[in-house]
Student: 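A single structure is presented below for examination.
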Amino acid sequence: MSITPTFSIIMSNIKQAVETYNDKWRTVSSDLTEQSEVRFDPRVVLFDMDGVLYNSMPNQEVAWQESMAQFGIAMTRSDVYATEGARGIDTIRRFVKQQQGRDISLKEAQQMYDVKTQVYHSMPDAPIFDGVLPIMQKIRESGMQVGIVTGSGQRQLFKRIFEDFGEFVDEEHIVTAYSVKRGKPYPDPYLMGLEKAGIRHPWEGIVVENAPLGVRAGVAAHIFTVAINSGPLDDSALLDEGANLLYPTMTDFCNNWEQLIDSI
Ligand code: MG
């Protein structure tokens with residue numbers, strides 16, 4: 001049996017999440033002179049791609065397992081979800097080291113990743129999640145920017161981003177595996193996402209993530225992080241990484257957008 005949360009419960013949860021975030025920031029920045037200015041004031045929303053914009057994780061599962069099997073690397077379904085968000089080449093180097101005891105070059109890892117990309121693109125296009133385009137519309141109407149921050153290095157997918165979301169994002173607002181040296185779970189990709197949007201402070205952004213490593217990256221960047229649990233993980237896998245809010249679907253987040261803005 002499920003109970004539909006009432007408006008007041010949702011509102012108090014969101015308000016509490018914003019207050020908790022602000023309190024944490026005041027602690028983190030207690031030595032800074034700008035302490036008094038620190039307050040959640042979003043100007044950009046940075047979306048992860050796989051599992052957030054596109055329902056692509058089922059295809060990613062197949063692509064990772066089939067491609068790595070060609071190189072004698074075993075990857076379970078939970079491996080795919082546990083490593084999601086990291087740059088593909090980093091995941092490959094780690095698995096080769098663990099399973100074959102070899103240190104491989106970035107070039108070799110990229111060649112293996114290219115095979116994964118080929119398998120991925122042999123499958124039908126993953127659909128856009130419901131709620132994504134409506135929330136981007138609302139974000140823009142709220143006067144904020146939209147950015148995309150992905151650990152993916154699949155160039156064909158970047159083309160698709162412009163086809164699907166070109167109304168809301170341009171090339172200046174996209175961070176990929178090629179934009180940073182250190183991928184998620186390091187904060188670097190999300191910090192670069194802020195920088196590309198011309199945003200100076202972490203409290204002026206929102207991160208939207210579905211993966212534990214991605215949530216960790218958003219939290220490490222000190223950005224207010226919303227988890228969308230679109231996959232098979234327990235909510236705790238995302239909440240334990242420090243997500244400020246969690247929704248089961250993008251549509252739920254979209255429906256709560258006004259309440260979040262009203263809580264600021
Ligand atoms: Mg993801």
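Quick caveat: nothing in here was measured; it's all calculated off a predicted structure. As the structure lists them, so they are numbered: ligands from 1, and atoms in each ligand from 1.
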Student: Would you please test Trp257 and Ser142 for side-chain hydrogen bond (donor to acceptor under 3.5 Å, both in side chains) and show each step?
Tutor: CA-CA 10 Å; Trp257 179 255; Ser142 302; 2.9 Å; yes
Student: Is a donor from one side chain sitting under 3.5 angstrom from an acceptor on the other, for Thr76 and Ser78?
Tutor: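 The criterion, which ignores hydrogens and geometry beyond distance, is satisfied for Ser78 and Thr76.
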Student: Got His121 and Leu157 here, is their nearest side-chain heavy-atom distance under 4.5 Å?
Tutor: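 Side chain of His121 against side chain of Leu157, heavy atoms only: contact under 4.5 Å found.
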Student: Classify the angle between the aromatic ring planes of Phe224 and Phe40 as parallel (below 30°), tilted (30 to 60°) or perpendicular (above 60°).
Tutor: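 Parallel, since the angle between the ring planes stays under 30°.
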Student: Considering only NZ, NE, NH1 and NH2 on the basic side and carboxylate oxygens on the acidic side, decide whether Glu209 and Arg216 come within less than 4.0 Å.
Tutor: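 A salt bridge is absent here (no side-chain N lies under 4.0 Å from a carboxylate O).
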Student: Any cation-pi pair here, Arg155 with Tyr178, using under 6.0 Å and within 45°?
Tutor: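 Satisfied, under 6.0 Å and within 45°.
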Student: At a cut-off of 2.8 Å, list the protein N/O/S atoms near the Mg ion (ligand 1), residue plus atom name.
Tutor: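 Less than 2.8 Å away from the Mg ion (ligand 1) sit Asp48 OD2, Asp50 O, Glu84 OE2, Asn210 OD1.
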